[in-house]
Structure formats: C-alpha cells, structure tokens
Amino acid sequence: MSTLSPELRPAPPRPGASEPRSKVHERRAAAGFNRALAWLTPADRRVLWLYLLTRISLWITAHGARWLFPRGSDVREAGPVLAPFQQWDANHYLHIARDGYFPADAGPWMDGWDNREAFFPGFPLLLRTVHVIVPSWTAAGLLVSLVAGAVAVLALSRIARSYAPEDTDGRRTALFFLLSPCAVFLAVGYTEALFLAFALPAWLAAQRHHWATAAALTALATTVRVSGLFLTAAIAVLFVLSVRTRRDWRGAAWLALPALPPLAYSWYLHAHTGDWMAWKHAQERGWYRDFHMPWEAWKNTWNAAFEGLHTTGYAAMFQAELAAMAVGLVLVALLVRHRRWPEAVYVALSLWALGTSYWYVSIPRATLLWWPLWIGLAALSLRRPWFRTAYVCVAAPLSALVALAFLTGRWAG
C-alpha cells in the first residue's frame, strides 16, 4: 500500500481555521484575559475587589449629588450623568486635550488667559488618545483614572507587603488609601491616579534595583506632574545607598532619564512663548505660587483660614491645607527618625514646593502621592487594632464631604 509523501500529505487543520474570524478573535481575547488573571495573585484580586467597591460608592455619591445638591433652588431635573465629574482642573485637561496649549495663537499674552501651560502634557495626551475610542471627553478621563487607579492600588499593596509584612495582602494599606479624605481625586479626570500608576511601579522597580525600569517609569511620571522629579531624587538617594561596588555605579546614568520629559516640555513652551519656565510662571499667575518663605506661607494660609477674610467654603479649604501640611511635617520627621532617607527626601521636596507659595494650595490632594503615609497608618493599626476603627470613623465622613464638595462644584469655595 502506498502512502502519500510528506509534501503531498494534507496538513492537519489549524486551530480555529474552520471558525469565523470573529470567534477566533474572541477566543484569543479570552485567552489573553485568562493570562492576565493568572498574573494576579489572590492578594491582588482581593485588593482589586476593594478598589471596585470604593469606586461604586463614589459613583453612588456622584449620582446622589446630582439630585440632592443641584445648583439652584428650583431645579426640576438632575444634570447630566457625568456632569459632577467635570469640575475644576478636569476642565483644563479637557481643553488642552481638545484644543492644544495655544489654540488659534492664543496664549499668556492675552487678557483672560486660563494659564493652561501650568499643567504637564502627560494626562492630556493620554486623554486625547482614549477619546479616539470613547466619544465623551469626561468618560474618557474617568476611564483613564479608573484603569490607572487599579494599577496604582495594586502597586501600593505590593510595596506595603515589603514594608509591613504583617499586612499580608496589602489590603489594609489599600483601605486606608482608598478611604483617605481626598480619595475622590483618584476617581475623576485628575492626574493623581495616572501619576501613581507610573510612580509606584517605579518605586517597586527601584527597590529591586531594576534601575532602567525605574527610570523609564519615573520619566513617564514626570510627563504627568513635576512631582516626578521629587521621585527621581528619592530614587537617586536609594541608588546611592544601595551601591556596594564600583560596578554598581554603572546604573547611575539611568537617573538622568526622568529629566528629559520636563526639559522637552520647557523647550516646547519656549518655542511658543519665549519663556523656558512658562509652566512655572503660569502657576504663579493663576494660583499665587510665587516664592515666599515657609513661615510667610503658613501665616498667609492661617489668616485665610481663620481671620474671616474669605467665605466659609474657602476658609474650610485653607483649614484643610494647614492640616495636610501638619501631617506632612510629622510624616517627614518619622521617616527621618526611622532613617527612611529616600522616602523622607520625596515627601520633604513635595512639602517644600507646596509650602513656599503665597499660601498653601493642593496639599490635601498631594497626600495621595505620599505612599509612606498610608503604609505607616496601616502598620500602626496592626500594632494598635483600635486605630483602624478610629481612622475609618474620621476619614469616611471627611472623604464623603470632600467628594460632595468636588462633585457639586464647591471644592474651591
């Protein structure tokens, strides 16, 4: 009996060859999803479940804010579903993503300019990219923050396990973080979630001495916020402390990489305005972030908070600024006491940048970026179980109040 030669023998059918192409794509997508799930540990999944539950609670709050706290006393219909999320800085990012930094030759040389160059380009660029798929600008911003927040909280929980092994899955740290007073800013179209999605994995990589990865992720963080440069300084300190041999110094060159995005942005602004520090001068014009000595800034903020110079909404905001500064100073002192030099440098530089303006602005939001704070609070609650209950009882109402203030357009007065 003759047999077919290998060249003439029919090839076996390829997997999926008889399936419609759409089915093949669905099967491959499902396989990729299953691989992603396999990459997540059971601890990661528990943290993500907690993250999802807190997102649901914020969306419920936003829905209630539309109906219970409308703008006007005789409103008969609630506003658009996503309207509560498009407030304050979210509008700046939308305008940059949609129109660019200098639309129709407009710029800081015009009266009524919105000083949009104060905001770094990382978030608007990603927002514009996502908008290609998601038609609503607001929904696109929420999607960016939703995904970025999930990455950030996973990285935070993994960092927590290395700092405090008692927090076995990092869920306690994640809880303290997600219930923090300014947690609403992780869920809206702001930069905090995206910055942390780059900064926290960068710190994880630096802890493992993967300097190239840490530098690349930190460079991405500097496209989002100038705080990325503070992270660069912290990683540089960690690098110096980890050097043991002359060969170890070879990784030092990577530490220059995070400076490139801010330099590129400054060059872009100079090409349009003739000012290398246009982003800093925009902050000074729009938010009074010109340099003052720390004690002057504290005094000006104190007067704004307690001397009846502003409406109660603004006064409450300045009171929150003072409280956040006090928390930051205590945190730096504790980090120095425990010789956590890289983290102390990171938080101290943040406080210096925010605490040397005419008055304090955005320090409560900046607490979200201080990962040692949330890890430290979780570790304290493990040693003193009553502290967790106390924290939840204090932080939960504060978080709800800040969320309502933002979602109803009352955050800044």
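Remember, predicted model here, so these are calculated numbers, not experimental data. Numbers here simply count residues along the sequence, with the first being 1.
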Quiz item: For residues S381 and R172, is any side-chain donor paired with an opposing acceptor at under 3.5 Å?
Solution: yes

Quiz item: Does NZ or CZ of R225 fall inside the cone over F120's six-membered ring, less than 6.0 Å from its centre and within 45° of the axis?
Solution: no

Quiz item: Salt-bridged, R158 to D44, with N to O below 4.0 Å?
Solution: yes

Quiz item: Do other residues, nucleotides or ligands put more than 12 heavy atoms under 6.0 Å from E307 CD?
Solution: yes

Self-check item: Flag for Q86-T138: side-chain donor and acceptor within less than 3.5 Å
Solution: yes

Practice problem: Could you tell me whether a side-chain N or O of R128 sits under 3.5 Å from a main-chain N or O of A97, the two making a donor and an acceptor? | Solution: yes

Exercise. Provide the closest heavy-atom pair for A324 versus I363 in the form atom of the first, atom of the second, distance.
Key: CB-CG2, 3.4 Å

Quiz item: Is the gap between the ring centers of H210 and W203 under 6.0 Å?
Solution: no

Quiz item: Is there side-chain contact between P342 and L241, with at least one heavy-atom pair below 4.5 Å?
Solution: yes

Quiz item: Which atoms form the tightest heavy-atom contact between A366 and L354, and what is the distance?
Solution: CB-CD1, 3.5 Å

Quiz item: Which of these, F176, F177, W386, sits in a ring pair (Phe, Tyr, Trp, His ring centres under 6.0 Å) with Y391?
Solution: F176

Self-check item: CG on L68 to OG1 on T61, rounded to 0.5 Å
Solution: 10.5 Å

Quiz item: Is there a side chain to side chain contact (heavy atoms under 4.5 Å, CB included) between S157 and V47 once you walk through the steps?
Solution: CA-CA 7 Å; S157 67; V47 168; 3.8 Å; yes

Quiz prompt | Sidechain-backbone polar pair: Y346 side chain, L369 backbone, donor-acceptor under 3.5 Å | solution = yes

Quiz prompt | ring-ring contact (aromatic ring centres under 6.0 Å, His included) between W279 and F119, intermediate numbers included | solution = CA-CA 7 Å; W279 63 270; F119 301 92; over 10 Å; no

Quiz item: Between the side chains of H281 and D275, does any donor sit under 3.5 Å from an acceptor?
Solution: yes

Self-check item: Verdict with supporting geometry, Y314 and W411, ring-ring contact (aromatic ring centres under 6.0 Å, His included)
Solution: CA-CA 8 Å; Y314 277 111; W411 167 244; over 10 Å; no

Self-check item: Any side-chain donor near an acceptor of the partner, T408 and R410, under 3.5 Å
Solution: yes

Practice problem: Kindly indicate, with the supporting measurements, whether the criterion side chain to side chain contact (heavy atoms under 4.5 Å, CB included) is fulfilled by E117 and I96. | Solution: CA-CA 9 Å; E117 65 272 26; I96 296 168; over 6 Å; no

Self-check item: Polar side-chain atom of R388 near backbone of A378 as donor-acceptor pair, under 3.5 Å
Solution: no

Exercise. Inspect the contact between R45 and D169 and indicate whether a charged nitrogen and a carboxylate oxygen are less than 4.0 angstrom apart.
Key: no

Quiz item: What is the ring orientation for Y265 with Y101, classed by angle as parallel under 30°, tilted 30 to 60°, or perpendicular over 60°?
Solution: tilted

Quiz item: Do the non-hydrogen side-chain atoms of S145 and L186 ever get within less than 4.5 Å of each other?
Solution: no

Self-check item: Exam field: side chain H95 to backbone N91, donor-acceptor pair closer than 3.5 Å
Solution: yes

Quiz prompt | Reported CG-to-CH2 distance for the pair L231 and W371, which is rounded to 0.5 angstrom | solution = 5.5 Å

Practice problem: Could you verify whether a donor N or O on one side chain and an acceptor N or O on the other, from Y163 and E343, lie under 3.5 Å apart? | Solution: yes

Quiz prompt | Note, K299 side chain near W295 side chain (heavy atom, < 4.5 Å) | solution = no

Quiz item: Hey, what do you get for CG (L175) to OG (S180), rounding to the nearest 0.5 Å?
Solution: 10.0 Å

Exercise. Return the orientation label for the F239 and W249 ring planes: parallel under 30°, perpendicular over 60°, tilted otherwise.
Key: perpendicular

Quiz item: With no hydrogens and no angle check, is any side-chain donor or acceptor of H272 less than 3.5 Å from a backbone partner on Y268?
Solution: yes

Quiz prompt | CH2 (W109) with more than 12 external heavy atoms under 6.0 Å | solution = yes

Self-check item: R66 and E77 ion-paired at < 4.0 Å
Solution: no

Quiz item: Quick one: CD1 on I375 to CG on L156, what's the gap to the nearest 0.5 Å?
Solution: 5.5 Å

Self-check item: Flag side-chain contact, heavy atom, 4.5 Å: Q283 against N115
Solution: no

Quiz item: Under 3.5 Å, side chain of Q319 to main-chain N/O of F306, donor-acceptor pair present?
Solution: no

Quiz prompt | Trace of the side chain to side chain contact (heavy atoms under 4.5 Å, CB included) decision for W352 with F230 | solution = CA-CA 11 Å; W352 178 262; F230 309 152; over 6 Å; no

Quiz prompt | Donor-acceptor under 3.5 Å (T389 side chain, P385 main chain) | solution = no

Quiz prompt | W254 atom CH2, over 12 foreign heavy atoms within 6.0 Å | solution = no

Quiz item: Would you say H209 and D248 make side-chain contact, with heavy atoms under 4.5 Å?
Solution: no

Quiz item: Which atom names give the shortest non-hydrogen contact between W374 and T367, and what distance separates them?
Solution: NE1-O, 3.1 Å

Self-check item: Sub-4.5 Å side-chain heavy-atom contact between L351 and M325
Solution: yes

Exercise. Fit a plane to each ring of F406 and Y190, take the angle between them on a 0 to 90° scale, and name the class: parallel (under 30°), tilted (30 to 60°) or perpendicular (over 60°).
Key: perpendicular

Quiz item: Is it true that atom CH2 of W276 has more than 12 heavy atoms of other residues, nucleotides or ligands lying nearer than 6.0 Å?
Solution: yes

Quiz item: Rounded to the nearest 0.5 Å, how far does CG of D290 lie from OH of Y358?
Solution: 9.5 Å

Self-check item: R208 atom CZ, over 12 foreign heavy atoms within 6.0 Å
Solution: no

Quiz item: When you look at CZ of F291, are more than 12 heavy atoms from neighbouring residues, nucleotides or ligands closer to it than 6.0 Å?
Solution: yes

Practice problem: Under the ring-ring contact (aromatic ring centres under 6.0 Å, His included) rule, what do F123 and Y93 come out as? Steps first, then yes or no, please. | Solution: CA-CA 7 Å; F123 187 89; Y93 296 120; 5.1 Å; yes

Quiz item: Checking R340 side chain against P372 main chain: does a donor-acceptor pair fall under 3.5 Å?
Solution: no

Self-check item: Side-chain donor/acceptor of N300 to backbone N/O of A297, under 3.5 Å
Solution: no

Exercise. Measure across V347 and G328 and return the closest heavy-atom pair with its distance rounded to 0.1 Å.
Key: CG1-O, 4.3 Å

Quiz prompt | Within-4.5 Å side-chain heavy-atom neighbours: V392 and L179 | solution = yes

Practice problem: Tell me, with the steps shown, if D114 and H92 meet side chain to side chain contact (heavy atoms under 4.5 Å, CB included). | Solution: CA-CA 8 Å; D114 61 5; H92 286 289; 4.0 Å; yes

Quiz item: How about S136 and L82: do any of their side-chain heavy atoms sit closer than 4.5 Å?
Solution: yes

Quiz item: Ignoring hydrogens and geometry, is there a side-chain-to-backbone donor-acceptor pair from S399 to A396 under 3.5 Å?
Solution: no

Quiz prompt | Spacing of CG belonging to L48 relative to CZ belonging to R171, to within rounding of 0.5 Å | solution = 12.0 Å

Quiz item: Which atoms form the tightest heavy-atom contact between L196 and P201, and what is the distance?
Solution: O-CD, 3.5 Å

Quiz item: How close do W211 and A206 get, heavy atom to heavy atom, and via which atoms?
Solution: CH2-O, 3.6 Å

